[in-house]
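Residue numbers start from 1 in every chain, and the chains themselves are labelled A, B, ... in the order their sequence lines are given, proteins ahead of strands.
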Number of protein chains: 2
Amino acid sequence: MMNKIVTIKDVAKKANVGVGTVSRVLNHHPSVKEKTRLKVMEAIQALEYNPNAIARSLKAKETRSVGVMIPDISSAFFPEVVRGIEDVASAYKYHIILCNIDLDREKEKVSLQMLKEKKVDGIIFISNTVDEGLRSGFKKIEIPIVLVSTRDPANEFKSVIIDNAMAAYEAVDYLCKLGHREIAMIAGQKDDPNAGIPRVEGYKRALRENHIQVKEEWIYHGDYRYKSGYDIMQEILKKEKLPTAVFAASDTMAVGAASAVLHRGYHIPGHISIVGFDGIEVSEYFYPSITTIRQPRYDMGACGMRLLMKMLKGENVEENEVILKHELIKRNSCRAVRGD
Amino acid sequence: MMNKIVTIKDVAKKANVGVGTVSRVLNHHPSVKEKTRLKVMEAIQALEYNPNAIARSLKAKETRSVGVMIPDISSAFFPEVVRGIEDVASAYKYHIILCNIDLDREKEKVSLQMLKEKKVDGIIFISNTVDEGLRSGFKKIEIPIVLVSTRDPANEFKSVIIDNAMAAYEAVDYLCKLGHREIAMIAGQKDDPNAGIPRVEGYKRALRENHIQVKEEWIYHGDYRYKSGYDIMQEILKKEKLPTAVFAASDTMAVGAASAVLHRGYHIPGHISIVGFDGIEVSEYFYPSITTIRQPRYDMGACGMRLLMKMLKGENVEENEVILKHELIKRNSCRAVRGD
DNA sequence: CTGTTAGCGCCTTCAC
DNA sequence: GTGAAGGCGCTAACAG
């Protein structure tokens with residue numbers, strides 16, 4: 001049920017003016033005599049009138065709402081991104097409609113259809129890869145769309161992202177400069193064009209540039225979650241030759257790996273150094289705190305939303321891909337090793 | 001900008017029927033001949049028509065949307081609650097409008113006004129205390145409202161919550177039964193009727209029932225955040241006489257406290273045992289994993305939303321306060337101490 | 001400056 | 001069974 005119905009008409013009657021005048025007052029139209037404006041305002045107060053955004057939307061053909069499609073709000077990486085989006089949105093008097101997609105193409109479709117019917121003005125799509133089906137779905141809906149923390153291989157949509165390869169490079173280079181030469185990697189999925197492949201690339205390049213041979217068998221693939229980090233680390237710890245450092249493609253895996261190390265009775269960073277990726281809170285709260293690459297999650301959301309707002313206002317947006325700066329945060333999970 | 005405009009009228013024309021008939025088909029009205037139904041469906045397909053939820057809402061006086069007012073989506077406790085809400089909402093074809101309130105009464109007002117104008121059908125209000133201003137705001141808006149993880153002292157609104165006093169009691173009783181007699185508490189704010197006061201009460205009752213004297217100076221007050229846990233623990237560690245166990249009113253503070261203990265060179269649980277509260281992920285991922293009280297966050301959200309749905313459908317809801325079950329999760333941060 | 005009117009897209013009587 | 005018409009609350013164009 002919607003609210004009690006005090007309409008613009010009631011206000012008009014009460015103030016002895018036409019509905020047009022009330023509308024003008026509401027929209028701060030300049031051409032209203034101060035005196036009548038006051039009369040109208042009074043009536044509005046008296047009747048406790050508030051405008052009906054639905055009716056307004058119907059007329060204006062804009063809803064001041066944007067859809068936010070996200071894998072899972074309860075996954076540690078995203079809440080901060082959403083917060084960034086929401087802050088910018090509410091500054092512009094927009095609201096967001098959250099859709100949890102769970103990396104499920106079917107849910108994606110359903111949500112997209114829903115957003116279409118709810119007539120959102122734009123969409124922010126987070127983290128999942130953009131495949132052919134999605135791309136055509138996006139094109140059909142004919143509203144501005146911004147990708148955050150993912151990119152469109154075909155480059156048809158604007159995106160906000162960090163330079164994953166570069167970030168991974170810096171993380172691993174840091175370990176190399178610390179003297180580590182035996183560095184394993186707990187990577188993401190092999191076929192993830194987003195957080196998977198580029199981070200492995202960065203890892204390899206850092207090794208090469210530091211004249212360390214890349215050993216493919218030291219690259220393990222997890223799913224960014226705690227358990228996979230833990231399990232893979234257990235695996236690593238069984239080997240004859242242990243690495244002196246491990247680079248994980250997510251903080252959650254890094255923490256899983258760290259727990260496995262500690263559980264086994266080794267010391268961090270005494271025996272093994274660890275670097276994570278993302279900069280979520282757990283990397284800071286873990287003991288020892290984990291060195292990591294910080295992704296500017298809040299800014300990614302905020303920047304994506306600002307971009308979308310520009311597009312909604314019809315402003316020209318030149319850049320097709322916004323690369324935000326990441327940051328290597330040095331904490332207590334890494335030590336320098338002596339060369340011998 | 002809203003979508004391209006293919007309206008019910010276009011469909012009607014294309015199918016050679018009246019708009020009424022199209023509407024009936026859309027709403028699965030029984031009294032439509034199969035043959036015309038097919039004709040209409042065809043036209044819908046051909047034109048790629050999709051209904052305009054805005055227009056529908058205007059007519060129907062319901063938007064199928066609910067407002068969710070939350071302190072801060074980027075705070076660890078809430079995302080899972082929101083996920084629960086969203087899952088139930090989308091099952092009913094509702095969507096949610098997220099508002100971050102930051103425990104700021106002014107933002108609260110602004111958001112409430114916004115939700116009013118957007119004509120949400122109901123509101124879920126999370127975690128903040130319900131004061132007089134808010135209560136009157138809620139009453140004016142005249143739509144169903146459900147409180148989650150908080151309650152209304154005046155009992156005018158339905159709520160979904162756990163038994164905080166009981167949960168705290170169980171946590172501390174567990175420590176007592178393990179043989180601890182020197183148990184400090186890192187509590188929440190003194191005046192928080194929600195997660196503050198009841199948890200202290202539970203702590204005290206557990207001590208009393210285990211014939212342990214309550215020492216007020218062993219009750220410290222933090223703000224549920226990491227730093228306050230860390231700082232307070234440092235304070236505690238400076239004392240002559242150390243407690244053998246610490247009960248924190250949030251996992252985040254528990255982890256902060258644990259870090260301080262480890263940083264100081266003590267062992268957990270060897271020297272000091274720790275119990276947290278909430279059951280957020282960090283309590284599980286920390287090393288050693290932290291014993292805690294799990295709040296069923298997802299269910300709290302889902303249950304709150306189901307309650308709201310019932311109210312929206314006009315069903316009678318007898319219970320005024322739903323108490324969900326918490327759970328003591330025993331992990332590796334507590335040890336038994338020998339009586340002497 | 002301000003009142004009146006015609007829709008925005010949809011649903012719902014009310015006749016036929 | 002189905003078409004036509006009225007109206008949900010609002011804005012914008014057109015007169016005055």
Exercise for the section: Kindly indicate whether the side chain of Pro193(A), heavy atoms from C-beta on, has any atom under 4.5 Å from the side chain of Thr129(A). Expected result: yes
Problem - Side chains of His95(A) and Glu86(A) in contact at under 4.5 Å (non-hydrogen atoms) - result: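 A side-chain contact under 4.5 Å is absent here.
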Please give, in whole Å, the distance from [N] [atom2] to [X] [atom1]?
X	N	atom1	atom2	answer
Glu62(A)	dC10(D)	CD	C1'	14 Å
Ile44(A)	dG9(D)	CD1	P	16 Å
Asn27(A)	dG9(D)	CG	P	17 Å
Ile54(A)	dG7(D)	CD1	C1'	17 Å
Lys13(B)	dG3(D)	NZ	P	15 Å
Lys35(B)	dG1(D)	NZ	C1'	13 Å
Lys14(B)	dG3(D)	NZ	C1'	21 Å
Asn50(A)	dG9(D)	CG	P	12 Å

Problem - dC8(D) OP1/OP2 closer than 4.0 Å to side-chain N/O of Asn52(A) - result: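 No.
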Practice task
Can you tell me which residue pairs pass the salt bridge (Lys or Arg N to Asp or Glu O under 4.0 Å) test with a partner in residues 10-32 of chain A, sequence neighbours excluded?
Solution key: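 The answer is none; no pair qualifies.
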Practice task
Go through the structure and list residues passing ring pair (Phe, Tyr, Trp, His ring centres under 6.0 Å) with Phe77(B), not counting sequence neighbours.
Solution key: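 Per chain and number, Phe77(B) pairs via ring pair (Phe, Tyr, Trp, His ring centres under 6.0 Å) with no residue.
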Exercise for the section: At under 4.0 Å between heavy atoms, which parts of nucleotides 1-8 of chain C does protein reach? Answer with one letter per nucleotide, 5' to 3': B base, S sugar-phosphate only, - none. Expected result: SBBBB-BB
Below 3.5 Å, can you tabulate the donor-acceptor pairs from side chains in residues 296-313 of chain B to any protein atom, sequence neighbours excluded?
{"unit_1": "Arg297(B)", "atom_1": "NH1", "unit_2": "Ala76(B)", "atom_2": "O", "d": "3.4"}
{"unit_1": "Arg297(B)", "atom_1": "NH2", "unit_2": "Gly279(B)", "atom_2": "O", "d": "3.4"}
{"unit_1": "Tyr298(B)", "atom_1": "OH", "unit_2": "Asp87(B)", "atom_2": "OD2", "d": "2.5"}

Problem - Residue list, side chain to side chain contact (heavy atoms under 4.5 Å, CB included) with Arg151(A), at least two apart or on another chain - result: Asn155(A), Ser159(A), Ile161(A), Glu321(A)
Practice task
Kindly write out the residues that satisfy side chain to side chain contact (heavy atoms under 4.5 Å, CB included) with Asp72(B), not counting sequence neighbours, or none if the list is empty.
Solution key: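 In terms of side chain to side chain contact (heavy atoms under 4.5 Å, CB included), with neighbours along the sequence ignored, Asp72(B) is linked to Arg83(A), Ser74(B), Ser75(B), Asn100(B), Asp102(B).
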Problem - Non-neighbouring partners of Asn128(B) that pass side chain to side chain donor-acceptor pair (under 3.5 Å), sequence neighbours left out - result: Glu108(B)
Handout entry: Partner residues of Glu34(A) under the side chain to side chain donor-acceptor pair (under 3.5 Å) criterion, sequence neighbours left out
Key =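 Partners of Glu34(A) under the side chain to side chain donor-acceptor pair (under 3.5 Å) test: Arg37(A).
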Exercise for the section: Take the C1' atoms of the five end pairs on each side of the helix from dC1(C)-dG16(D) to dC16(C)-dG1(D), get both axes, and report the angle to 10 degrees. Expected result: 50°
